[in-house]
Amino acid sequence: MGRQYAAILGTIAFVTVIVQGWAGGFELRQTLETAVLSTLTYGAIGYVVGTAAAGIVRNSISDAEIEALLRTGSGTALDPTP
């Protein structure tokens, strides 16, 4: 999930900078340098956010499954209380 978020945010950043550079009439070299730096920066941010989101989802599913097992009585082996 982290790689997917990195790819999405990096691509959005790249396209946004290119369009702004073209619309603003900036030099091509300056625009491309900014676009590459933005891609790397937002790609890294996307990777961190996507990895954190995957961990949160994974943990919430596990907790919900454990609670369901304990409620139905079929997960008594998982119950930490004596």
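Residues M1 and I45 share a single hydrophobic cluster, defined by chaining ILVMFWY side chains whose heavy atoms lie under 4.5 Å apart. Note on W22 and L28: separate hydrophobic clusters, where clusters join Ile, Leu, Val, Met, Phe, Trp and Tyr whose side-chain heavy atoms are under 4.5 Å apart, directly or indirectly. When hydrophobic clusters are built by joining Ile, Leu, Val, Met, Phe, Trp and Tyr residues whose side-chain heavy atoms come closer than 4.5 Å, directly or via intermediates, I56 is not grouped with V48.
The two residues Y47 and A6 have their closest heavy-atom pair at N-CB, 3.8 Å. Summarising the geometry of A13 relative to S38, their closest heavy-atom pair is CB-O, 3.8 Å, with the distance given to 0.1 Å.
With rounding to the nearest 0.5 angstrom, the CZ atom of F14 is 10.5 Å from the CG atom of L40.
A 4.5 Å side-chain heavy-atom check between L9 and T39 finds every atom pair outside the cut-off.
At most 12 heavy atoms of other shown residues, nucleotides or ligands fall within 6.0 angstrom of atom CD in Q4.
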